[in-house]
Enquirer: 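My structure is below; once you've seen it, I'll send some questions.
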Number of protein chains: 2
Amino acid sequence: MQLRRADVLRGARDLLDAEGLDGLTMRKLGAVLNVQAGALYWHFPGKQALLGAIADDLLAGVAEPPPAGPWDQRLVTLAHKLRQALLGVRDGARLVAETFVTEPNTALAGRIGMRILMDAGLPAEQAAWTMFAVGHYVLGHTIEEQATRPGSGRDAELAAQAAGDADLRELAAAISADPGRRFEFGLGLVLDGIRVRVGPRTPADS
Amino acid sequence: MQLRRADVLRGARDLLDAEGLDGLTMRKLGAVLNVQAGALYWHFPGKQALLGAIADDLLAGVAEPPPAGPWDQRLVTLAHKLRQALLGVRDGARLVAETFVTEPNTALAGRIGMRILMDAGLPAEQAAWTMFAVGHYVLGHTIEEQATRPGSGRDAELAAQAAGDADLRELAAAISADPGRRFEFGLGLVLDGIRVRVGPRTPADS
DNA sequence: ACCTGAACACCGTTCAAGT
DNA sequence: ACCTGAACACCGTTCAAGT
């Protein structure tokens with residue numbers, strides 16, 4: 001029963017879910033796959049390459065365009081798919097952040113967004129820069145979302161610090177709030193900003 | 001000539017600049033400070049605590065409010081200070097991302113932004129959520145900015161991949177563009193979105 | 001082609017013992 | 001109070017040798 005590249009990838013994702021990014025080691029991965037750590041180097045040139053492959057894998061689903069519709073709705077769908085992809089595995093956002101635009105599927109996802117914005121009337125350069133902004137927001141949000149996950153104790157730390165300060169209490173409350181709703185809020189903010197540049201939707205738009 | 005906490009911190013920042021986050025080890029830090037690695041554990045309970053302290057140190061300057069003026073200008077100033085703080089040391093954004101809202105100064109910076117937005121008329125909860133969105137954008141942008149720094153070869157990788165595709169070429173061009181200008185563009189986007197919620201500036205605003 | 005075994009050069013952390 | 005020396009339990013990576 002030989003090991004294939006895909007098996008290593010799946011094992012790595014399982015281990016990542018179980019142990020987090022800091023707990024993902026070549027030796028443990030070897031153990032999970034019933035193989036010596038050194039054997040992994042036949043399938044991947046090194047740990048970084050393996051991590052890059054996981055990141056790329058994670059974003060595979062984002063590389064296809066959302067269904068037809070108004071540009072803003074399509075962009076929202078894309079942003080949601082991106083967040084969901086990052087949430088697909090523990091510490092997924094941190095993982096992708098360390099490989100970012102390098103991996104093919106990240107670039108492809110950006111390209112999809114560009115097309116949506118160019119169809120909406122934005123020139124290519126503005127469309128590209130806008131997608132970077134959207135991507136940075138999604139990445140930043142999801143890194144924090146995964147870092148502050150319940151049980152990490154980070155929310156409690158802030159709560160303690162906030163004891164005497166009403167504003168800090170509000171910030172602490174925001175962290176404890178449903179991250180999906182907070183994501184939505186920030187995404188709405190960014191989209192409003194994009195609308196200012198694209199101009200109002202006309203009846204001609206589908 | 002005894003070691004003080006501040007000396008360790010300064011040494012760690014120097015080492016970080018020289019070697020990057022992955023190259024910052026307790027043993028190398030000990031060597032830099034002419035001390036055994038074990039000695040560092042008298043000053044800090046562990047490596048994570050040391051990293052957290054560096055992150056907090058980095059954000060120290062952001063914890064004081066920008067000068068009086070129109071709310072949007074104050075918010076832009078705050079965002080700039082935040083980015084500059086993250087750029088203060090190599091891999092600074094990645095470092096802060098791994099400690100995020102935990103450290104005191106991160107929360108304080110958020111509080112400053114909240115006040116600016118509340119003074120502009122936003123209710124506390126919206127102000128808090130808005131600051132998260134701004135923070136996530138800044139963090140996401142700066143992580144990528146520091147990850148794609150010249151010499152890492154990431155820009156070249158994308159350029160190669162983009163060979164046949166005009167859209168990908170545009171994305172590659174964006175990466176090679178001045179990151180400061182790209183930051184400005186995205187920040188302007190987010191600010192336009194906030195303006196929609198705050199409402200137009202009235203002559204009553206200073 | 002794919003993997004083992006064993007080594008090399010590292011890690012973070014602990015802790016008795018020194019000063 | 002502050003640090004050394006030395007150990008413990010790990011790392012990623014390489015590579016001859018096996019099958």
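We name chains A, B, ... by the order of the sequence lines, and we start the count at 1 in each one.
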Enquirer: Do the side chains of A:Asp22 and A:Arg94 get close enough for a salt bridge, i.e. N-O under 4.0 angstrom?
Expert: yes
Enquirer: Quick check on C:dA1: is either OP1 or OP2 less than 4.0 Å from any side-chain nitrogen or oxygen of A:His43?
Expert: no
Enquirer: Please give, in whole Å, the distance from D:dG12 C1' to A:Asp22 CG?
Expert: 15 Å
Enquirer: Using modelled atom types only, decide if a donor and an acceptor are shared between the side chain of A:Asp167 and the backbone of B:Arg111 within a distance under 3.5 Å.
Expert: no
Enquirer: In whole Å, what is the span from the CG atom of B:Leu40 to the C1' atom of C:dT13?
Expert: 11 Å
Enquirer: Using every non-hydrogen atom in the two residues, find where A:Asp165 and A:Leu168 come nearest and quote the distance to one decimal.
Expert: OD1-N, 2.9 Å
Enquirer: Going by the angle between their ring planes, with limits at 30° and 60°, are B:Tyr137 and B:Phe183 parallel, tilted or perpendicular?
Expert: parallel
Enquirer: Determine whether the side chains of B:Thr130 and B:Gln126 contain a donor N or O and an acceptor N or O closer than 3.5 Å.
Expert: no
Enquirer: Please compare B:Asn34 and A:Met26 by the position of their nearest nucleotide in DNA chain D and report the one closer to 5'.
Expert: B:Asn34
Enquirer: Tell me whether A:Asp192 is salt-bridged to B:Arg197, with the criterion being a basic N under 4.0 Å from an acidic carboxylate O.
Expert: yes
Enquirer: Using Watson-Crick or G-U wobble geometry with both distances under 3.5 Å, which nucleotide pairs with D:dC15?
Expert: C:dG5
Enquirer: Using a 4.0 Å heavy-atom cut-off across all strands, classify B:Gly38 as base, sugar-phosphate, or nothing.
Expert: base
Enquirer: Hey, can you pull the residues of residues 2-10 of chain B with a non-hydrogen atom under 4.0 angstrom from DNA chain D?
Expert: B:Gln2, B:Leu3
Enquirer: Looking only at the side chain of B:Arg27 (C-beta and beyond, no hydrogens), which of the listed nucleotides D:dT13, C:dC11, D:dC11 gets closest?
Expert: C:dC11
Enquirer: Send over the distance from B:Gln36 CD to C:dC15 C1', rounded to a whole Å.
Expert: 14 Å
Enquirer: Can we say B:Arg83 and B:Glu145 salt-bridge, meaning some charged N sits less than 4.0 Å from an Asp/Glu carboxylate O?
Expert: yes
Enquirer: Take the protein atom CG of B:Leu33 and the nucleotide atom C1' of D:dT4, then report the distance between them rounded to whole Å.
Expert: 15 Å
Enquirer: Between atom CH2 in A:Trp42 and atom C1' in D:dT14, what is the gap in whole Å?
Expert: 17 Å
Enquirer: Tell me: OH of B:Tyr41 to P of D:dA6, nearest whole Å?
Expert: 19 Å
Enquirer: Mind calculating the distance between CG (B:Leu50) and P (C:dG12) to the nearest angstrom?
Expert: 10 Å
Enquirer: CZ of A:Phe44 versus P of D:dT14: gap in Å, rounded?
Expert: 15 Å
Enquirer: Between A:Ala39 and A:Lys28, name the one whose nearest nucleotide on DNA chain D is closer to the 5' end.
Expert: A:Lys28
